[in-house]
Amino acid sequence: MRFAPNPNGPPTLGSTRGIVVNSEYVKEYNGTFIIRFDDTDPVTKRPMLEAYDWYMEDCKWIGAEPDQVVIASDRLPVYYEYAELLIAGGHAYVCTCTQEEFKKLKDTKQACPHRDIAPEENLREWKRMLAGEYEERTVVLRIKTDIKHKDPALRDWGAFRIIKTPHPRPEVGDKYVVWPLLDFEGAIEDHLQGITHIIRGKDLMDSESRQKYIYDYLGWTYPHTFHWGRVKMHGFGKFSTSALSTSIKSGEYSGWDDPRLPTLRALRRRGIRSEALRKFFIDMGVGETDISLSLDNLYAENRKLIDADANRYFFVWDPVRLEIPGFEPTVARPSLHPSEDRGFREIPVTSSVFVCSRDIKDARKGDVFRLKDLCNIRIIDGNTAEFIGYDIETIKKGKGRIIHWAPVDGIPVSVMTPEGEITGIGEAGIIKELDAIVQFERYGYARIDSVDKQVIAYFTHK
RNA sequence: GCUCCGAUAGUGUAGCACGGCCAAUCAUGCAGGACUCUCACUCCUGCGACUGGGGUUCAAAUCCCCAUCGGAGCACCA
């Protein structure tokens, strides 16, 4: 099996599906997993140098280390060789029609004048192409199919064109001016690498019919193919790699791992486990239906994985200070985890704490609350309350709500979420959790990304 | 305009190649409940679908036709 991305950005949720499902089949049937960089367009979908490594990194992280790596831009001579074979066999021709001219003829099922030129002449023209004698957009090498084919998409498709912009990879640079199009490059590589099964997007459904002409001319057997539909993610708008790239450069996003982006590295930074991603995509299977899915399933999967590990902490967002006059300073000792026996945090408390404004803003005089793992209080007015005891049982019997809180000398915490940044105060112990996933009680899970004068956490999910 | 593909609960998915075992699977979601010093976790209960119409057949989610809806291709992009 192979996964064939164009490295013009980091892997996204969509690419991840390709990586996971292909590699899963490989595991199940003991096959070979090849990652092939289809980087044969130095202009329109110009590859990013860093992205090659990003793909390798992300594949590894998600448990899909490739057995082989192929970089198409390294293999132009191979493609040239087969092109010549096809030209010599009279199966391909050099066409100097303009795009518009050819389209017009093709749409009316008419051959262009170049179609009947003799192979020898085509070979000579091909050499001129390779020698750089043609300018961009003046010539193209076409594969001869059936100009009268009922499906216009299959009529004499283009296989090579001229591009004089250097390739971003320094090893390649301006070495070549004749570049293959996807259907040609992919057709040759799939055969050369002995690919037996291809899963490709529904948008590439015609590729098989197009490429089969080459396979027939060369006497090859076409791999088995499957297709999958388009994936739309709820909560993520439409995005294209190139559009994202500009938004990142302009500073609209902090980078390719901005928590608002559906890239693998962003999800990783947020604390999504690779196992959750794998299960999510494997359960989804390979369907031709276009799907529009929510990340709830992924989050649910992830929650099961992280809940037992995630230590609990108090994080108060939208904090308001609540005074409890006369309360004797003490040390609260909430447990690190409600069911795993992992010990306690220790939080020194004085006669005032922070609580979420949401929790007390509608409270009236006399309302009773339990500050979780600390004490019971009764509201006096908007931001003062009186201490009324430590006993949890009295709260359990009554109707007082249990709310969480943070010490007034706590640490500032910023949580980066897909919806934006949430700031508040957390207990100081959070600084011990650098790089770990914690649960902010009554808020959700988050990965502690950095710890300095303040804590930066990346929101995982509820 | 021409061509191709798809359609099962809110979402995703199993079943469809070989029609009966499907009063349709699983997950998530939602609702209710148990547990709990978190709105988390765990557990229990419940809700919810074969796009429509014809046909073939003793029997259709499964086969055929039409319609509707959705997606894609017809690039010197991938």
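Under the 4.0 Å criterion applied to side-chain N and carboxylate O atoms, A:R358 and A:D318 are not assigned as salt-bridge partners. At a threshold of 4.0 Å, the pair A:D373-A:R312 does not count as salt-bridged, since none of the basic side-chain nitrogens sits closer than that to a carboxylate oxygen. By the 4.0 Å N-to-carboxylate-O rule, A:E301 lies too far from A:R273 to be salt-bridged with it. In summary, A:K372 and A:E441 engage in a salt bridge, as defined by a charged side-chain N under 4.0 Å from a carboxylate O. The pair A:K202-A:D290 meets the salt-bridge criterion, since a charged nitrogen lies less than 4.0 angstrom from a carboxylate oxygen. For A:E275 and A:R278, the salt-bridge test fails: no basic side-chain N is under 4.0 Å from an acidic carboxylate O.
Across all strands shown, A:L182 has heavy atoms under 4.0 Å from base atoms, whether or not it also approaches the sugar-phosphate. Within 4.0 Å of A:D206, counting heavy atoms only, lie sugar-phosphate atoms of the nucleic acid but no base atom. Using a 4.0 Å heavy-atom criterion, one finds that A:D38 contacts the sugar-phosphate atoms exclusively. A:R303 comes within 4.0 angstrom of the backbone, heavy atoms only, and of no base. No contact: A:S209 has no heavy atom under 4.0 Å from any strand. Nucleic acid contact class of A:I392 (heavy atoms, under 4.0 Å, all strands): base. Across all strands shown, A:C95 has no heavy atoms under 4.0 Å from either base or sugar-phosphate atoms. Using a 4.0 Å heavy-atom cutoff across all strands shown, A:Q439 reaches at least one base atom of the nucleic acid. Among the heavy atoms of the strands lying under 4.0 Å from A:R358 is at least one base atom, whether or not backbone atoms are also near.
Closest approach to the A:T289 side chain among B:rU8, B:rG73, B:rC37 is made by B:rU8 (side chain taken as heavy atoms from C-beta onward). Of all nucleotides listed (B:rU28, B:rA78, B:rC37), B:rC37 comes nearest to the side chain of A:K396. If you check B:rC4, B:rA40, B:rG12 against the side chain of A:M205, the one that comes closest is B:rC4. Taking every side-chain heavy atom of A:P338 into account, B:rU38 is the closest of B:rU38, B:rG73, B:rC74. Checking B:rG71, B:rC77, B:rU13 against the side-chain heavy atoms of A:K202 singles out B:rG71 as nearest. Of all nucleotides listed (B:rA78, B:rA40, B:rA27), B:rA40 comes nearest to the side chain of A:D307. When distances are taken from the side chain of A:V140 to each of B:rA72, B:rC76, B:rG71, the shortest belongs to B:rC76. If you check B:rG12, B:rA40, B:rG73 against the side chain of A:D203, the one that comes closest is B:rG73. Here the nucleotide nearest the side chain of A:P152, chosen from B:rA78, B:rC2, B:rG29, is B:rC2. Closest contact between the side chain of A:L181 and the listed nucleotides B:rC76, B:rC4, B:rU38 involves B:rC76.
OP1 or OP2 of B:rC76 sits under 4.0 Å from a side-chain N or O of A:Q99. For A:R312, no side-chain nitrogen or oxygen approaches OP1 or OP2 of B:rC37 to under 4.0 Å. The side chain of A:K106 contributes an N or O atom lying less than 4.0 Å from OP1 or OP2 of B:rA75. Between A:T40 and B:rA78 there is a side-chain N or O to OP1 or OP2 distance below 4.0 Å. Residue A:K150 places at least one side-chain N or O closer than 4.0 Å to OP1 or OP2 of B:rC4.
Comparing A:I291 and A:I163 along RNA chain B, the residue whose closest nucleotide (by nearest heavy atom) sits nearer the 5' end is A:I291. Comparing A:K279 and A:D373 by the nucleotide of RNA chain B whose heavy atom lies nearest to each, the residue mapping closer to the 5' end is A:K279.
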Dot-bracket assigned to RNA chain B with the 3.5 Å Watson-Crick/G-U criterion, [ ] for crossing and | for other-strand pairs, is (((((((..(((.......[.....)))((((((.......))))))...(((((..]....))))))))))))....

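Distance, A:R200 CZ to B:rC77 C1': 15 Å, rounded to whole Å. If you measure from atom CZ of A:R17 to atom C1' of B:rG12, you get 10 Å, rounded to the nearest angstrom. Taking atom OH of residue A:Y299 and atom P of nucleotide B:rU28, one finds them 16 Å apart after rounding to whole Å. What separates NE2 of A:H461 from P of B:rU38 is a distance of 20 Å, to the nearest Å. Per the geometry, CZ belonging to A:R230 stands 10 Å off C1' belonging to B:rA78, to the nearest Å. The interatomic distance linking A:D296 (CG) with B:rU28 (P) rounds to 11 Å, in whole Å. When rounded to the nearest whole Å, the span between NE2 of A:H149 and C1' of B:rU3 equals 8 Å. Rounded to a whole Å, the CD1 atom of A:I282 is 16 Å from the C1' atom of B:rA14.
Annotation: the span from A:R17 atom CZ to A:T12 atom OG1 amounts to 12.0 Å, rounded to 0.5 Å. For the atom pair CD1 (A:I425) and CH2 (A:W317), the distance works out to 13.5 Å, reported to the nearest 0.5 Å.
At a cut-off of 3.5 angstrom, counting only N and O atoms as typed in the model, there is a donor on one side and an acceptor on the other between the side-chain of A:K45 and the base of B:rC77. With hydrogens and angles left out, the side chain of A:R370 and the base of B:rC37 share a donor-acceptor pair within 3.5 Å.
Of the N and O atoms on the side chains of A:T225 and A:E208, at least one donor lies less than 3.5 Å from an acceptor on the other residue.
When the C1' atom is used for both B:rC16 and B:rG1, the distance is 34 Å, rounded to whole Å. The gap from the C1' atom of B:rU13 to that of B:rG48 amounts to 15 Å, rounded to the nearest Å. Separating the C1' atom of B:rU42 from that of B:rA49 is a span of 29 Å, rounded to the nearest Å. Here, B:rA9 and B:rC22 have their C1' atoms 15 Å apart, quoted to the whole Å. Spacing between B:rA17 and B:rC63 at atom P, rounded to whole Å, works out to 6 Å. One P atom belongs to B:rG52, the other to B:rU68, and the distance between them is 16 Å to the nearest Å. Between B:rG32 and B:rU56, the distance separating the two C1' atoms is 47 Å to the nearest Å. A gap of 25 Å separates the P atoms of B:rC18 and B:rA24, to the nearest Å.
Exactly one of A:L13, A:V231, A:L267, A:T16 qualifies for a side-chain contact (heavy atoms from CB on, under 4.5 Å) with A:P262. That residue is A:L13.
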Note to self: Test side-chain hydrogen bond (donor to acceptor under 3.5 Å, both in side chains) on A:N302 and A:Y445; report intermediate values, then the result.
What the structure shows: CA-CA 10 Å; A:N302 198 245; A:Y445 301 87; over 6 Å; no

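Seen from the ring of A:F37, A:R169 does not count as a face-on cation partner, given the 6.0 Å and 45° thresholds.
In textbook terms, a nucleotide whose glycosidic angle is within 90° of 0 is syn, and B:rA17 is one such case.
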